[in-house]
Q: 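Following this message is one structure expressed as structure tokens.
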Amino acid sequence: MVYLVLALILETSDFMQVFISVLELDVQKQVSTWRFDLGAAGTYNSQQYREPFNAFAKKLNVTVGSQQFQIPANVPQTYFNAQMSVALGNGYPNNYPLDNYTIFTVLSAVNEDGPIRVGFSLPVAMQGWKIEGAIAPTSNPLASVFAMTFHRSLTTILYSVLVNIIMWILSLAIFTLTVTLWFRDRKVEPPTIGITVGLLFALPAIRNTQPGAPVIGCTADVAGFFWAMVLVSVSAFLLILNYIVKYRREKPKSTESLSLLVESSSKIA
């Protein structure tokens with residue numbers, strides 16, 4: 001995980017450092033799970049451990065939004081997980097892959113001596129997402145308000161565009177084949193119909209390979225998937241109709257031709 005240190009209170013060497021990791025972002029349920037790794041510095045650091053940011057000398061109460069967590073004293077590698085509500089940013093899940101989401105929260109920490117200062121290290125990226133973090137100004141210097149905005153990564157956007165291009169190419173190829181067979185009175189073979197009908201079931205699977213794609217109906221579907229399904233469906237219908245209406249069995253040879261053949265054979269004999 002790559003971090004961006006946004007706020008580190010250096011007026012004193014006594015502070016709590018918070019390293020935030022995003023474990024999960026569920027845009028459908030609008031919930032995100034974060035991991036908070038805590039470290040103590042200065043007099044807050046336990047004397048039992050020489051390493052910085054290791055353990056707290058005194059019991060600590062941490063508040064994240066409406067959730068409260070108790071941190072015991074003299075316990076190294078202290079962390080906890082918290083669930084955050086996801087606020088819709090400039091987009092909704094239906095705007096995939098151009099959607100983005102923002103999470104706001106307030107964090108404060110108190111020990112037996114009172115509130116303590118807090119510094120933050122926020123992530124700048126996670127799988128499939130680019131993260132922008134910011135610390136909001138507040139009248140209380142001991143309570144920190146911060147926000148993280150999640151944007152789809154460039155690779156996710158490019159892959160989504162590539163998937164839509166693939167669906168367009170496949171559907172246009174099948175539609176062109178169908179039109180060619182219809183207007184040139186070419187024979188339609190049953191395997192051709194089978195491939196076209198099979199593509200109707202393959203397109204949803206191709207569409208679902210897009211990372212983090214919501215349920216069917218988003219912007220990306222309007223740009224590609226829906227039209228591809230329409231073209232392939234029309235192609236399948238025209239191929240079946242072509243097979244029913246225009247297909248003719250080869251006529252057997254006439255009896256006259258057969259008698260001439262027998263007569264010629266007898267003469268040769």
Side-chain angles (χ1 to χ4, degrees), residues 1-42 44 52-53 56 60-69 71 78-110 114-158 160 211-212 214 219:
M1 182 73 71
V2 181
Y3 291 96
L4 173 66
V5 179
L6 288 177
L8 185 59
I9 307 301
L10 296 178
E11 297 176 1
T12 174
S13 60
D14 302 332
F15 62 90
M16 177 184 74
Q17 183 69 16
V18 181
F19 298 88
I20 301 177
S21 304
V22 181
L23 303 180
E24 181 185 11
L25 176 62
D26 191 333
V27 298
Q28 298 298 323
K29 297 181 180 179
Q30 298 184 16
V31 172
S32 180
T33 302
W34 293 4
R35 168 173 168 150
F36 293 79
D37 289 276
L38 309 181
Y44 299 143
F53 304 131
F56 289 90
L60 189 69
N61 291 324
V62 180
T63 302
V64 180
S66 60
Q67 306 171 71
Q68 294 186 349
F69 304 89
I71 309 303
T78 305
Y79 73 91
F80 59 85
N81 296 338
Q83 282 196 338
M84 305 293 171
S85 297
V86 178
L88 298 177
N90 296 329
Y92 294 84
N94 285 342
N95 287 343
Y96 176 91
L98 303 178
D99 50 340
N100 60 76
Y101 310 92
T102 303
I103 298 177
F104 299 93
T105 192
V106 180
L107 187 147
S108 61
V110 180
I116 64 175
R117 296 183 180 275
V118 180
F120 291 95
S121 294
L122 305 183
V124 297
M126 62 177 292
Q127 184 175 6
W129 297 92
K130 180 180 67 174
I131 305 174
E132 296 178 355
I135 302 294
T138 175
S139 57
N140 183 2
L142 300 179
S144 301
V145 180
F146 62 93
M148 286 200 291
T149 301
F150 296 79
H151 304 270
R152 300 283 181 181
S153 64
L154 180 60
T155 53
T156 299
I157 297 175
L158 292 179
S160 177
T219 302

Q: Of all the heavy-atom pairs spanning V22 and S32, show the shortest one and how long it is.
A: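 Closest approach of V22 to S32: CG1-OG, 3.8 Å.
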
Q: F104: what forms a ring pair (Phe, Tyr, Trp, His ring centres under 6.0 Å) with it, not counting sequence neighbours?
A: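 None.
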
Q: Which distance, rounded to the nearest 0.5 Å, do you find between the CG of N61 and the CD1 of I116?
A: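 The CG atom of N61 sits 10.0 Å away from the CD1 atom of I116.
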
Q: Measure the spacing between CG of L38 and OH of Y79 and express it to the nearest 0.5 Å.
A: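 Interatomic distance, L38 CG to Y79 OH, rounded to 0.5 Å: 11.5 Å.
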
Q: Using 0.5 Å steps for rounding, measure from the NZ atom of K130 to the OG1 atom of T149.
A: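 Between atom NZ of K130 and atom OG1 of T149 there are 10.5 Å.
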
Q: Do you know the tightest heavy-atom contact between P97 and I157?
A: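 Closest pair (atom of P97, atom of I157, distance): O-CG1, 3.7 Å.
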
Q: Where the side chain of T219 meets the backbone of Y96, is there a donor-acceptor pair that is under 3.5 Å apart?
A: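 Side chain of T219 to backbone of Y96: no pair is present.
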
Q: Starting at CD1 of I20, measure out to CE of M84 and round the result to the nearest 0.5 Å.
A: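 Separation between the atoms: 7.0 Å.
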
Q: On a heavy-atom basis, which atom in T105 and which in G65 lie closest, and how many Å separate them?
A: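 Scanning both residues completely, I find the closest heavy atoms to be OG1-N, 3.5 Å.
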
Q: Heavy atoms only: give me the nearest P93-P214 pair and the separation to one decimal.
A: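 So the minimum-distance heavy-atom pair works out to O-CG, 3.3 Å.
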
Q: Pick from V106, V18, L107: which one makes a side-chain contact (heavy atoms from CB on, under 4.5 Å) with V64?
A: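 Only one of V106, V18, L107 forms a side-chain contact (heavy atoms from CB on, under 4.5 Å) with V64, namely L107.
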
Q: When you measure from the side chain of Q83 to the backbone N and O of V31, does any donor-acceptor pair fall under 3.5 Å?
A: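 Judged by distance alone, no pair lies under 3.5 Å.
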
Q: Can you confirm whether F80 sits close enough to Q67 that some side-chain heavy atom of one is under 4.5 Å from a side-chain heavy atom of the other?
A: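 Side-chain contact under 4.5 Å: no.
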
Q: Please examine the side chains of R152 and P211, heavy atoms only from C-beta on, and report whether any two atoms are closer than 4.5 Å.
A: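 P211 vs R152: side chains apart.
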
Q: When rounded to the nearest 0.5 angstrom, what distance separates NE2 in H151 from CD1 in I131?
A: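 Separation between the atoms: 10.0 Å.
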
Q: Do other residues, nucleotides or ligands put more than 12 heavy atoms under 6.0 Å from the CD atom of Q127?
A: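 No, because the 6.0 Å sphere around CD of Q127 holds 12 heavy atoms or fewer from other groups.
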
Q: Please report the closest heavy-atom contact between D37 and S21, naming both atoms and the distance.
A: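 Looking at all heavy atoms of both residues, the shortest contact is OD2-OG, 4.5 Å.
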
Q: Among V86, I103, D99, which residue meets the side-chain contact (heavy atoms from CB on, under 4.5 Å) test with F150?
A: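 Testing F150 for a side-chain contact (heavy atoms from CB on, under 4.5 Å) against V86, I103, D99 leaves exactly one candidate, I103.
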
Q: Considering non-hydrogen atoms only, spot the tightest contact between V118 and A109 and give its length.
A: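 Scanning both residues completely, I find the closest heavy atoms to be CG2-CB, 4.4 Å.
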
Q: Sequence neighbours left out, what passes side chain to side chain donor-acceptor pair (under 3.5 Å) with W129? Give chain and number order.
A: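 Here no residue qualifies.
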
